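Data first, discussion second: the structure below is written as structure tokens.
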Number of protein chains: 2
Amino acid sequence: MTRIIDVARRAGVSTATVSRVLNGKNVRPELAAAVRDAVGELGYSPDRTARSLRRRHSEVIALVLPDVENPFFTAVARGVEDAALEAGYSVVLCNTDDRRDKEERYLGVADDENMAGVILAPADATPPIGRLVERGRSVVVIDRRVTHDVDQVTFDNRALGFRATKALVDRGFRRIACITGPETTSTAVDRAEGWRDALHDAGLVADDGLLVHANFRVDGGYEAIGTLLGRSPAPDAVLATNNLAGVGVLRALADRHGGPAPAPAGDDGSAGPVLGVGVVGDLPFATSRTSDVVIVPLNPRDLGVTAAGLLLERIAGSDAPARQLIQETEDHREGVRPV
Amino acid sequence: MTRIIDVARRAGVSTATVSRVLNGKNVRPELAAAVRDAVGELGYSPDRTARSLRRRHSEVIALVLPDVENPFFTAVARGVEDAALEAGYSVVLCNTDDRRDKEERYLGVADDENMAGVILAPADATPPIGRLVERGRSVVVIDRRVTHDVDQVTFDNRALGFRATKALVDRGFRRIACITGPETTSTAVDRAEGWRDALHDAGLVADDGLLVHANFRVDGGYEAIGTLLGRSPAPDAVLATNNLAGVGVLRALADRHGGPAPAPAGDDGSAGPVLGVGVVGDLPFATSRTSDVVIVPLNPRDLGVTAAGLLLERIAGSDAPARQLIQETEDHREGVRPV
DNA sequence: CTTGCGGCTGTAATCGATTACTGGCATCCT
DNA sequence: AGGATGCCAGTAATCGATTACAGCCGCAAG
């Protein structure tokens with residue numbers, strides 16, 4: 001492997017000069033040219049491990065996610081990646097399965113590897129980031145709120161639940177159920193709160209029997225439908241508060257009756273009850289028509305860009321007080337299909 | 001930050017002894033205990049950058065993928081991750097968008113960061129891994145064949161195309177089209193070859209007009225349907241040779257006529273032509289019934305585990321000749337739904 | 001008693017790049 | 001002219017862990 005000293009010798013200068021050329025400091029032009037020639041001839045590229053050791057941090061940022069198989073998070077990743085690459089940083093993804101032990105492990109790796117910073121979508125409200133923060137590493141939390149005093153970027157989850165529910169009300173649905181995530185995640189709770197508020201606003205009942213805490217995965221939505229259809233009186237619509245639960249709902253309805261209902265009134269010609277469906281978040285890879293579904297779209301990519309922006313500021317040395325940003329979203333849409 | 005020398009002082013030993021304890025060499029038990037106590041009290045964890053600099057490689061492996069938004073590849077990532085974690089390695093994901101420049105960049109990062117090894121799903125048959133290989137870094141290529149003499153794990157793509165096509169033939173379809181990926185990717189070409197062979201075997205024509213080279217994304221499948229329905233005579237079924245193209249096909253059919261056809265004969269009661277559908281690969285997050293679709297499932301997670309196994313052997317020092325493995329898959333299934 | 005050997009431990013070199021510090025040289029001011 | 005100032009380049013210290021090497025001790029054999 002060629003080292004900096006090889007380049008230095010070939011260019012007839014010292015290692016310090018080579019380093020300076022490579023890092024854009026002031027060096028006499030002819031020496032700089034000689035160095036660049038030598039670099040080119042030898043195909044030299046600096047060893048980042050050594051550089052990181054000396055600089056105290058690398059040019060890699062860690063993106064720690066609960067589930068890289070959820071398209072929501074992969075879209076976040078794209079946003080982070082695009083913003084980071086532009087600034088000369090590389091992004092590595094780590095997958096926690098919403099498990100604290102894996103989360104802790106990857107945060108530890110990020111620290112021990114001296115990564116420049118971490119963007120974390122936490123498993124719960126108190127992720128183990130204390131050590132990182134104390135050591136002055138840059139951390140940005142996304143998607144779910146935490147109790148730590150660090151930069152955070154989330155959606156206005158109450159508003160998301162509210163808007164989705166209101167759109168269902170506007171379509172004429174009256175008895176609207178809600179399938180949300182575990183009570184430990186702020187997104188699940190906040191979106192359900194929006195659902196409740198929207199019903200109250202419309203003078204409808206937010207029957208506790210119509211609120212189901214499932215998981216935020218496909219099977220959660222799929223199974224919750226069974227529970228809800230057992231209620232009496234049964235709901236005429238259902239809100240799924242995340243994308244995967246929405247997939248589960250739609251799949252369950254497709255299996256039972258062919259799909260969701262566009263509007264409540266008389267067109268109940270098909271066999272058995274058919275539900276109106278609302279979803280917070282985009283449906284990934286839908287294989288059915290989605291024009292009957294109320295979708296409140298999110299823009300996870302933008303969330304990623306925003307978070308990366310905050311993180312890069314921190315890495316550059318900003319010590320402003322911790323910021324809590326709300327990522328703006330579009331209003332809901334109905335029947336728009338993202339091919 | 002606590003360093004190894006802090007631990008050494010606290011335990012009353014030298015740094016060498018601390019290092020030896022931490023790396024499992026022989027040390028007098030009472031000293032070892034003292035070191036471990038000191039480590040615990042100080043909350044010491046070794047700086048991996050420094051370790052990597054000395055050891056010449058880190059305990060991180062890079063998984064370089066064309067598209068982390070494709071569930072096929074995220075499933076691969078899970079497999080790699082599980083296998084690697086068990087062996088004490090961490091995995092970082094890199095996303096290339098099938099672009100050579102991003103691929104080259106991330107491979108460069110992996111090298112410069114002295115990562116232990118790389119698992120690569122290449123953008124084309126000649127990825128820029130020459131430098132890595134020369135330097136003796138461990139590399140395993142997955143999913144698509146390359147010309148380099150390195151370990152490779154792929155599926156038997158011809159067989160996959162063959163089996164899917166045969167299943168459609170068995171259902172009674174006779175004029176089966178094929179939507180495959182770009183001619184530059186071996187998977188697209190090989191699966192199409194399987195389609196052709198299966199038709200010949202069945203005494204059917206593999207009309208070139210029925211073979212469409214699209215991209216391997218949703219829009220590719222979606223748009224290809226339009227092309228195919230313009231052919232005359234029109235096909236009565238279509239094979240999508242990857243998961244996302246399959247999604248595009250199903251979505252297009254849902255938009256046009258409500259979905260795929262279970263079998264060709266008389267039940268053409270719906271409006272207009274309805275196609276039988278076969279897909280190589282699982283349908284991610286399907287929101288429709290999939291019982292009418294012939295699916296030849298893949299096991300990307302296993303592919304990841306296999307690749308990680310090969311890589312870990314290499315990292316451990318194996319210098320066996322390059323291996324080319326075929327990842328086994330289950331046979332096709334029809335109408336099974338993975339919730 | 002001496003020599004030899006094996007098992008531990010400590011000292012210091014090492015990995016490769018960055019950068020504080022020092023000194024040489026030229027320019028500029030009084 | 002003499003001194004101050006600034007710019008650049010080179011030398012060597014530095015980041016933190018690993019490990020080659022050397023030294024020490026104890027035991028066994030001669």
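Since the structure is predicted, the reported quantities are computational estimates derived from the model, not experimental observations. Residue numbers begin at 1 in each chain, while the letters A, B, ... track the order of the sequences.
Residues from residues 27-40 of chain B lying near DNA chain C, meaning a heavy-atom separation below 4.0 Å, are B/Val27, B/Arg28, B/Leu31 in numerical order.
Between A/Arg105 and A/Asp97 no salt bridge is recorded (no basic side-chain N to carboxylate O distance below 4.0 Å). At a threshold of 4.0 Å, the pair B/Asp67-A/Arg78 counts as salt-bridged, since one of the basic side-chain nitrogens sits closer than that to a carboxylate oxygen.
B/Val18 comes within 4.0 angstrom of no nucleic acid atom, judged by non-hydrogen atoms across all strands.
The side chain to side chain contact (heavy atoms under 4.5 Å, CB included) test with A/Arg301 singles out one residue from A/Asp82, A/Thr306, A/Val76, and that residue is A/Asp82. The side chain to side chain contact (heavy atoms under 4.5 Å, CB included) test with A/Val139 singles out one residue from A/Leu310, A/Ile119, A/Ile129, and that residue is A/Ile129. When the options B/Glu113, B/Arg48, B/Glu59, B/Arg51 are evaluated for a side chain to side chain contact (heavy atoms under 4.5 Å, CB included) with A/Glu113, the one that passes is B/Arg48.
Summarising the geometry, the separation between NZ on B/Lys25 and C1' on D/dT19 is reported as 8 Å, rounded to the nearest angstrom. Put simply, CZ on A/Arg3 is 16 Å from C1' on C/dT18, counting in whole angstrom units. Distance, A/Tyr44 OH to C/dT18 P: 6 Å, rounded to whole Å. Taking atom CZ on A/Arg20 and atom P on D/dA9, their separation rounds to 7 Å, with Å as the unit. The CZ-C1' distance, from B/Arg9 to C/dG10, rounds to 14 Å in whole Å. Atom CG of A/Asp6 and atom P of C/dC15 are 12 Å apart (whole Å). A straight line from CG of B/Asp111 to C1' of C/dG16 spans 14 Å, rounded to a whole angstrom. Atom P of nucleotide C/dG16 and atom CD1 of A/Ile4 are separated by 12 Å, given to the nearest angstrom.
Of the candidate nucleotides C/dG10, C/dT11, C/dA17, C/dT11 has the atom lying nearest to any side-chain atom of B/Thr15. Closest to the side chain of A/Asp47, out of D/dA20, D/dG16, C/dG16, is C/dG16. Between D/dG10, C/dT11, D/dT18, one nucleotide has an atom nearer to the side chain of A/Ser14 than all others, and that is D/dG10.
Note on A/Arg54: every side-chain N or O is 4.0 Å or more away from OP1 and OP2 of D/dT14. For the pair A/Thr17 and D/dG10, the criterion of a side-chain N or O lying under 4.0 Å from OP1 or OP2 is met. In this model, the phosphate group of D/dC8 is approached by a side-chain N or O of A/Asn26 to a distance below 4.0 Å at OP1 or OP2. Contact annotation: B/Arg56 side-chain N/O to C/dG16 OP1/OP2 distance is under 4.0 Å.
Both B/Ser45 and A/Gly12 lie close to DNA chain D; mapped to their nearest nucleotides by heavy-atom distance, the more 5′-ward contact belongs to A/Gly12.
Side chains of B/Thr185 and B/Arg144: no donor on one and acceptor on the other come within 3.5 Å.
One cannot find a donor-acceptor pair under 3.5 Å joining the base of D/dG16 and the side-chain atoms of B/Arg48.
When side chains are defined from C-beta on, A/Val21 does not count as touching A/Leu31, because their heavy atoms never get closer than 4.5 Å.
Residue B/Arg145 holds its CZ atom at 11.5 Å from OG1 of B/Thr187, rounded to the nearest 0.5 Å.
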